[in-house]
**Q** 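Attaching a single structure in structure tokens format; questions to follow.
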Amino acid sequence: MIDRPIILVFNKYYLPGYRAGGPIKTIENMVERLSDKFEFRIVTLDRDAGTNAAYEEVVPNEWQALGNSKVMYLSPAQVSIRVLLKIIGSTQPQVIYLNSFFDSTFTLPVLIAKRLFQLNSVPIVIAPRGEFSLGALAIKNLKKNIFINVARPIGVYRGLIW
């Protein structure tokens with residue numbers, strides 16, 4: 001029996017990191033405000049934005065308590081569709097939360113896994129935050145437009161909760 005529904009969050013960076021700014025704070029605040037109603041499991045990289053060194057204070061590949069959540073830290077080399085499917089299967093979340101539209105580390109592999117392995121029973125919430133603002137779309141404009149125009153007809157983002 002589940003005490004609280006599990007929300008499995010995939011975000012490229014999380015605490016103790018701080019360099020990625022807003023997304024880290026958003027998830028930290030979401031956990032703090034909603035942890036009485038939901039159990040949060042967060043999968044993230046084992047390093048801060050812009051660094052190659054793993055955090056010294058974390059144990060990779062294991063769930064560890066951090067505030068009102070449990071966090072699993074992965075090295076970039078460990079992130080694969082197979083690994084993410086294993087985490088989703090063992091966690092059995094009621095909801096998957098993706099904190100970015102363009103994130104090729106977690107968002108795209110999770111959505112490809114959903115499409116290839118029919119993860120239709122688990123609702124996926126995607127929070128693109130400010131990624132579609134004119135200023136954000138102007139950065140790496142060509143790359144983002146190509147990505148959007150390829151992803152749309154393939155249906156990678158179809159059936160998500162926005």
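Numbers here are sequence positions counted from 1. Quick caveat, the model's predicted, so the values are computed rather than measured. Reckoned from all heavy atoms, side chains included, excluding hydrogens, waters and symmetry mates.
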**Q** Verify the cluster assignment for Val83 and Tyr97: are they in a single hydrophobic cluster under the rule of side-chain heavy atoms below 4.5 Å apart?
**A**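 Same hydrophobic cluster.
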
**Q** Measuring from Ser69:OG to Phe38:CZ, what's the distance to the nearest 0.5 Å?
**A** 15.0 Å

**Q** Does anything in residues 24-34 form a salt bridge (Lys or Arg N to Asp or Glu O under 4.0 Å)? List the pairs, not counting sequence neighbours.
**A** Lys25-Glu28

**Q** Hey, does Ile42 have a side-chain heavy atom less than 4.5 Å from the side chain of Val31?
**A** yes

**Q** Are any non-hydrogen side-chain atoms of Arg41 and Val9 less than 4.5 angstrom apart?
**A** no

**Q** Considering residues at least two apart in sequence or located in another chain, which fulfil the side chain to side chain contact (heavy atoms under 4.5 Å, CB included) criterion with Tyr55?
**A** Pro16, Asp48, Glu57, Val58, Tyr73

**Q** Go through the structure and list residues passing ring pair (Phe, Tyr, Trp, His ring centres under 6.0 Å) with Phe10, not counting sequence neighbours.
**A**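 Here the qualifying residues are Phe106.
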
**Q** Does the side chain of Ile7 come within less than 4.5 Å of Gln94's, by heavy atoms?
**A**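 No; the side chains remain at least 4.5 Å from each other.
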
**Q** Under 6.0 Å from the CG atom of Asn29, do we count more than 12 heavy atoms belonging to anything else shown?
**A** yes

**Q** Heavy-atom distance under 4.5 Å between the side chains of Ile87 and Met72, does that happen here?
**A** yes

**Q** Does Arg47 have any salt bridge (charged side-chain N to carboxylate O under 4.0 Å, His left out) partners at least two apart in sequence or in another chain, and if so, which?
**A**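 Once residues adjacent in sequence are excluded, Arg47 has no partner under the salt bridge (charged side-chain N to carboxylate O under 4.0 Å, His left out) criterion.
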
**Q** Would you call Leu74 and Val43 a side-chain contact if the rule is heavy atoms closer than 4.5 Å?
**A** yes

**Q** Can you name the residues that form a salt bridge (charged side-chain N to carboxylate O under 4.0 Å, His left out) with Lys86, not counting sequence neighbours?
**A** none

**Q** If we only count heavy atoms from C-beta on, is the Ile124 to Ile161 side-chain gap below 4.5 Å?
**A** no

**Q** Side chain to side chain contact (heavy atoms under 4.5 Å, CB included) with Pro93: which residues, sequence neighbours excluded?
**A** Ile6, Leu8, Ile88, Thr91, Ile96, Val122

**Q** Quick check: is Leu15 connected to Val59 through a chain of hydrophobic side chains (ILVMFWY, heavy atoms under 4.5 Å apart)?
**A**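 No: no chain of side-chain contacts under 4.5 Å links Val59 to Leu15.
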
**Q** Do Tyr18 and Val71 share a hydrophobic cluster (ILVMFWY, side-chain heavy atoms under 4.5 Å, transitive)?
**A**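 In one cluster: no.
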
**Q** Hydrogens and angles aside, do Tyr13 and Asn11 bring a side-chain donor and acceptor to less than 3.5 Å of each other?
**A** no

